[in-house]
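Both backbone and side-chain heavy atoms feed into the values below; hydrogens, waters and symmetry mates do not. Just so you know, these numbers come straight off a predicted model, no measurement behind them.
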Amino acid sequence: MTAGPCGFRRARRPEQVAARRAAILEAAVAMLRERPVAEISLRELSDQVGLAKSNVLRYFDSREAIFLEVLDRAWEAWLDGLAVSFGTPSKTGPEYRREVEVASAVARALLADPLLCELISAMAGVLERNISVDFARTFKRRAAEHSGRLAALVRAQLPHLDQLAALHFAGAVIVIVAGMWPYSRPTEAVAVVMGELGMPSAREMFTVALTDGLINQLVGLVARASAG
């Protein structure tokens with residue numbers, strides 16, 4: 001038996017377990033930068049790490065649990081970056097200008113993080129389909145915390161937005177990304193036909209749909225509150 005990627009054959013101490021889990025997650029991230037999550041098998045991931053599939057499953061419930069762990073970490077890092085990019089709230093300008101600015105900033109942050117978009121798009125339909133109750137409990141709790149943090153960041157920029165509306169917007173971010181992201185990655189055949197039809201590029205369509213969708217959600221929530 002040869003040593004694994006961390007320099008030891010079997011992880012016995014807590015720090016060794018942590019190192020091996022980190023190596024698996026790093027390999028998953030590297031593979032995600034090259035192809036969609038649906039095209040990455042547990043066997044390929046195991047080979048990348050230099051472990052047997054059975055050994056990888058010592059550290060994670062399943063292939064899906066690995067990518068949900070990557071999603072959790074990417075989501076947290078994205079929120080850290082968004083908090084910095086928002087900075088100090090500015091004064092409200094002409095009607096809905098600030099809402100447009102906030103929604104556009106969220107869209108730009110998502111467009112800059114294709115790995116996060118990829119994992120969000122696969123979360124409910126693929127990755128949550130093969131996990132244990134214990135892992136699901138942990139992941140969904142963390143996902144709720146991330147949504148709550150996004151809502152809080154948005155409310156800090158728009159104090160007139162109530163908590164329920166902010167949480168609605170945070171949920172809409174997930175739904176819009178999950179629904180639109182797959183269209184930004186067409187097959188070669190579909191891309192050819194889109195060009196023949198004179199349609200914008202898939203990337204351009206995703207950018208516009210995401211930005212407009214988030215703006216419409218946020219402005220609509222504020223307008224609805226004002227009308228009520």
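No hydrogens or angles considered: a donor-acceptor pair under 3.5 Å links the side chains of E99 and H160.
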Donor-acceptor list for residues 110-121 side chains, cut-off 3.5 Å, not counting sequence neighbours:
from, atom 1, to, atom 2, distance (Å)
D113, OD1, L116, N, 3.1
E118, OE1, W181, NE1, 2.9
E118, OE2, V37, N, 2.9
S121, OG, E118, O, 2.7

For residues 79-86, please give each side-chain donor-acceptor pair under 3.5 Å, one per line with the distance, not counting sequence neighbours.
from, atom 1, to, atom 2, distance (Å)
D80, OD1, R149, NH1, 2.8
D80, OD1, R149, NH2, 2.7
S85, OG, L82, O, 2.8

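Evaluation of the side-chain hydrogen bond (donor to acceptor under 3.5 Å, both in side chains) rule for R129 yields no partner, not counting sequence neighbours. By the side-chain hydrogen bond (donor to acceptor under 3.5 Å, both in side chains) test, R43 pairs with no residue at all, sequence neighbours left out. Annotation: side-chain hydrogen bond (donor to acceptor under 3.5 Å, both in side chains) contacts of S132 (sequence neighbours excluded): D61. Residues satisfying the salt bridge (charged side-chain N to carboxylate O under 4.0 Å, His left out) criterion with E44, sequence neighbours excluded, are R35. The side-chain hydrogen bond (donor to acceptor under 3.5 Å, both in side chains) search around N216 returns none, not counting sequence neighbours. Under the rule for a salt bridge (charged side-chain N to carboxylate O under 4.0 Å, His left out), the partners of R137 that lie at least two apart in sequence or sit in another chain are D134. For the ring pair (Phe, Tyr, Trp, His ring centres under 6.0 Å) test, residues two or more places apart in sequence or in another chain that qualify with H146 are W75.
Think of L197 as one node in a network of Ile, Leu, Val, Met, Phe, Trp and Tyr side chains linked at under 4.5 Å; its network also takes in V190, V193, M194, M199, M205.
Annotation for V49 and A27: closest pair CG2-CB, 3.5 Å, computed over non-hydrogen atoms. Of all heavy-atom pairs spanning S46 and V56, the tightest one is OG-CG2, 3.4 Å. In this structure, L45 and A28 approach most closely via the heavy-atom pair CD1-N, 3.6 Å. Nearest heavy atom pair, residue P186 against residue A202, reads CD-CB, 3.5 Å.
In this structure a side-chain-to-backbone donor-acceptor pair under 3.5 Å is present from S62 to N130. In this structure, the side chain of R63 does not engage the main chain of L42 through any donor-acceptor pair within 3.5 Å.
The structure places CE of M31 at 8.5 Å from CG of D47, a figure rounded to the nearest 0.5 Å. One finds the CZ atom of F169 at 5.0 Å from the CG atom of L214 (value rounded to the nearest 0.5 Å). With rounding to the nearest 0.5 angstrom, the CD1 atom of I215 is 10.0 Å from the CD atom of E101. Note: L167 CG to R155 CZ = 8.5 Å, rounded to the nearest 0.5 Å. Rounding to the nearest 0.5 angstrom, the gap separating the OG1 atom in T138 from the CD atom in E69 is 9.0 Å.
No side-chain heavy atom of E128 sits under 4.5 Å from any side-chain heavy atom of E64. Proximity of V106 to L218: side-chain heavy atoms (C-beta onward) are nowhere separated by under 4.5 Å. The shortest side-chain heavy-atom distance between E76 and R73 does not fall under the 4.5 Å cut-off. Residues I174 and M123 are in side-chain contact: their nearest non-hydrogen atoms beyond the backbone lie under 4.5 Å apart. A 4.5 Å side-chain heavy-atom check between L68 and L71 finds at least one atom pair inside the cut-off. Side-chain contact between D72 and R142 is present, with at least one heavy-atom pair separated by less than 4.5 Å. Under the 4.5 Å side-chain criterion, counting only non-hydrogen atoms from C-beta, L51 is in contact with R20. Two residues are said to be in side-chain contact when any heavy atoms from C-beta on lie closer than 4.5 Å; I176 and Q217 meet this criterion.
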Inset, instruction - Step by step, work out the side-chain contact (heavy atoms from CB on, under 4.5 Å) result for F67 and V126. - result: CA-CA 10 Å; F67 289 110; V126 178; over 6 Å; no

Inset, instruction - Mind running side-chain contact (heavy atoms from CB on, under 4.5 Å) on R203 and S184 for me, showing each step along the way? - result: CA-CA 5 Å; R203 174 69 178 181; S184 74; 5.9 Å; no

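The ring pair (Phe, Tyr, Trp, His ring centres under 6.0 Å) contacts involving residues 113-139 comprise nothing, where partners must be two or more places apart or lie in separate chains. The salt bridge (Lys or Arg N to Asp or Glu O under 4.0 Å) pairs that include a residue from residues 185-200 number zero, where partners must be two or more places apart or lie in different chains.
Linking Ile, Leu, Val, Met, Phe, Trp and Tyr whenever their side-chain heavy atoms come within less than 4.5 Å puts V29 and F60 in one cluster.
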